[in-house]
**Student:** 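Questions regarding the structure given below will be posed in turn.
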Amino acid sequence: MRVPVDQLRSFVTSVFRAAGCAEDEADRIARHLLASDLAGHPSHGVVRVRNYADWLGGGAVVANQEVQVVSENDTLVVLDGGYGFGQTVGEQAVAIGLAKAEGPGVSVVALRNSGHLGRIADWAEAAADAGYVSIHFVNVAGKGLVAPFGGKERRFGTDPIAIGIPQHDRPPILIDFATSVVAEGKAKVALNGGKPVPDNAMVGPDGSISGDTSVLYGEVPPGKNPDPRRGPGALRTMGEQKGSALALACELLAGVLAGSATSGTDPFSNGMLSIYLSPDHFAAGDFAAKATDFADYVRSAAPADPGQPVQLPGDIERAKAAEQLENGIDLADGTWADLTVAARSVGVDVPVITQ
Ligand code: NAD
């Protein structure tokens, strides 16, 4: 189904408001979730509302949190997110990182114990909009979901990495991906009747490789929220041994070094190690203009398929967002059903969607 952006945003905001979030937080969570749906990553969109509402009700995430400074010096700050919504403590962590990088041209921010940080490109985009290059390593604590290369048991989270590069007179390059073949939410969207996952996304308990979501969720009883902790198998890392190495780096940098929890330990949290770099401090000339020239050179490569010009990271999401802003967000039926469950659980009426 297609749902106009403004109607979906106001519905989702009302759910979080009723669940206990202050007006600005409810609006912020809705804005980030919808941005992910708009960008064509429904795994980190409103499909999360039901989980977030359950977590809030059960105390696994805390409304209206403020990050606490654990330690800091001129360029480095360690922040504790106190299990606040990632949309809130993530925005605070980026603002602190950018403010810190102003003088020296570089800052490092370790954010521990954050609630779900959503689509990590949001943080890279915020930095790029302020003129900064940024690099973000994220790990996911809670029961692991991803097998290491050569294994069939879970040891990693889906552990994403994002890099944002400002461009001259155009939107930034946004590199942003899970180190698993797909993010967990994409398997949930597939289970909800959305796009299927690739047939190499999972490894079963017998070591066989498949795209069957029951490997991750087990058999889901009707009406129950699919729980990726219940399946007998695991997601696989992207790029075989290379993705596995990057996932290990995420766990060690965003988990261990940041002082956050690591995969395989409850409760759920995201850790994030972010590095902010001011191009002006590198004496490399006009970085954004030169980066744009190089990006154009890459784009100019002859396409393997004449109908598919070479694109750069961030392009595909922007095109998808433009289309869905116009025509409404494309929601899987199961995702709408989950939204209505979440709304009713906090006493919010389900709106009638008008086109
Ligand atoms: P993906 O496999 O779709 O990869 C996305 C990246 O590839 C983007 O940078 C995109 O611009 C680029 N890309 C896609 N098609 C392209 C093309 N044709 N040409 C050039 N570049 C192209 O993404 P994913 O791994 O499924 O991750 C989805 C989202 O999940 C990400 O936003 C990630 O941050 C998020 N995530 C979050 C968590 C968390 O715990 N918060 C965990 C895992 C993933």
Side-chain angles (χ1 to χ4, degrees), residues 29 32-33 35-45 47-48 51-52 55 61 81 85-87 89-90 93 111 113-126 128 134-146 156-165 171-190 194-198 200-201 228 235-239 243 246-247 250-251 254-255 260-263 267-274 295 298-299 301 303-305 307-321:
I29 297 169
H32 281 283
L33 293 180
S36 190
D37 275 310
L38 277 169
H41 292 288
S43 54
H44 289 71
V47 74
R48 300 276 171 171
N51 275 352
Y52 284 8
W55 287 347
V61 67
F85 275 97
Q87 290 78 6
V89 298
L111 173 64
N113 304 328
S114 171
H116 189 236
L117 284 160
R119 179 177 173 241
I120 307 306
D122 285 355
W123 316 123
E125 186 167 26
S134 69
I135 305 165
H136 309 263
F137 294 92
V138 174
N139 87 318
V140 193
K143 187 168 189 283
L145 297 175
V146 183
F156 300 136
T158 48
D159 301 350
I161 294 173
I163 301 173
I165 310 278
I173 293 172
L174 293 173
I175 299 165
D176 173 33
F177 51 80
T179 48
S180 46
V181 173
V182 288
E184 182 267 317
K186 287 195 173 156
K188 187 169 181 195
V189 169
K195 187 178 168 196
V197 297
N200 68 343
L235 287 167
R236 298 178 69 237
T237 55
M238 58 100 181
L246 289 174
C250 286
E251 292 291 341
S260 210
T262 45
S263 168
F268 174 91
S269 66
N270 273 156
M272 177 160 75
L273 186 84
S274 302
V298 175
R299 265 183 231 282
D305 172 348
Q308 298 282 331
V310 169
Q311 300 188 79
L312 295 194
D315 290 351
I316 206 153
E317 286 83 3
R318 273 187 289 273
K320 186 80 184 170

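Just follow the structure's listing: the first ligand is 1, and inside any ligand the first atom is 1. Side chains included, hydrogens not; waters and symmetry mates left out as well; all remaining heavy atoms used.
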**Student:** Are P42 and V47 packed together at the side-chain level, in the sense that at least one heavy-atom pair is separated by less than 4.5 angstrom?
**Tutor:**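 No, every pair of side-chain atoms sits at 4.5 Å or beyond.
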**Student:** Quick check for you: to the nearest 0.5 Å, what is the distance between I120 atom CD1 and H136 atom NE2?
**Tutor:**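 That separation rounds to 8.5 Å.
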**Student:** Side-chain contact, heavy-atom cut-off 4.5 Å: E125 with E317?
**Tutor:**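 Result no, sub-4.5 Å side-chain heavy-atom pair not found.
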**Student:** Could you tell me the separation between the CG atom of N270 and the OG atom of S260, rounded to the nearest 0.5 Å?
**Tutor:** 8.0 Å
**Student:** When the ring planes of W55 and F268 are compared, do they come out parallel, tilted or perpendicular, using 30° and 60° as the limits?
**Tutor:**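 Rings of W55 and F268: parallel, as their planes differ by under 30°.
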**Student:** Please tabulate, one line per pair, the protein N or O atoms found under 3.5 Å from any N or O atom of ligand 1, giving the distance to one decimal.
**Tutor:**
{"from": "ligand 1", "atom 1": "3 (O)", "to": "K186", "atom 2": "NZ", "distance (Å)": "3.4"}
{"from": "ligand 1", "atom 1": "9 (O)", "to": "L174", "atom 2": "O", "distance (Å)": "3.1"}
{"from": "ligand 1", "atom 1": "9 (O)", "to": "D176", "atom 2": "N", "distance (Å)": "3.1"}
{"from": "ligand 1", "atom 1": "11 (O)", "to": "G314", "atom 2": "N", "distance (Å)": "2.8"}
{"from": "ligand 1", "atom 1": "11 (O)", "to": "E317", "atom 2": "OE1", "distance (Å)": "2.7"}
{"from": "ligand 1", "atom 1": "11 (O)", "to": "E317", "atom 2": "OE2", "distance (Å)": "3.2"}
{"from": "ligand 1", "atom 1": "25 (O)", "to": "A178", "atom 2": "N", "distance (Å)": "2.8"}
{"from": "ligand 1", "atom 1": "26 (O)", "to": "K186", "atom 2": "NZ", "distance (Å)": "2.8"}
{"from": "ligand 1", "atom 1": "30 (O)", "to": "H44", "atom 2": "ND1", "distance (Å)": "3.2"}
{"from": "ligand 1", "atom 1": "32 (O)", "to": "D176", "atom 2": "OD2", "distance (Å)": "2.4"}
{"from": "ligand 1", "atom 1": "34 (O)", "to": "I120", "atom 2": "N", "distance (Å)": "3.0"}
{"from": "ligand 1", "atom 1": "34 (O)", "to": "D176", "atom 2": "OD1", "distance (Å)": "2.6"}
{"from": "ligand 1", "atom 1": "34 (O)", "to": "D176", "atom 2": "OD2", "distance (Å)": "3.3"}
{"from": "ligand 1", "atom 1": "36 (N)", "to": "H44", "atom 2": "NE2", "distance (Å)": "3.1"}
{"from": "ligand 1", "atom 1": "40 (O)", "to": "N270", "atom 2": "OD1", "distance (Å)": "3.4"}
{"from": "ligand 1", "atom 1": "40 (O)", "to": "N270", "atom 2": "ND2", "distance (Å)": "3.1"}
{"from": "ligand 1", "atom 1": "41 (N)", "to": "H116", "atom 2": "NE2", "distance (Å)": "3.4"}
{"from": "ligand 1", "atom 1": "41 (N)", "to": "G118", "atom 2": "O", "distance (Å)": "3.0"}
{"from": "ligand 1", "atom 1": "41 (N)", "to": "N270", "atom 2": "OD1", "distance (Å)": "3.2"}

**Student:** With a 4.5 Å limit on heavy-atom distance, are the side chains of V146 and D159 in contact?
**Tutor:** no
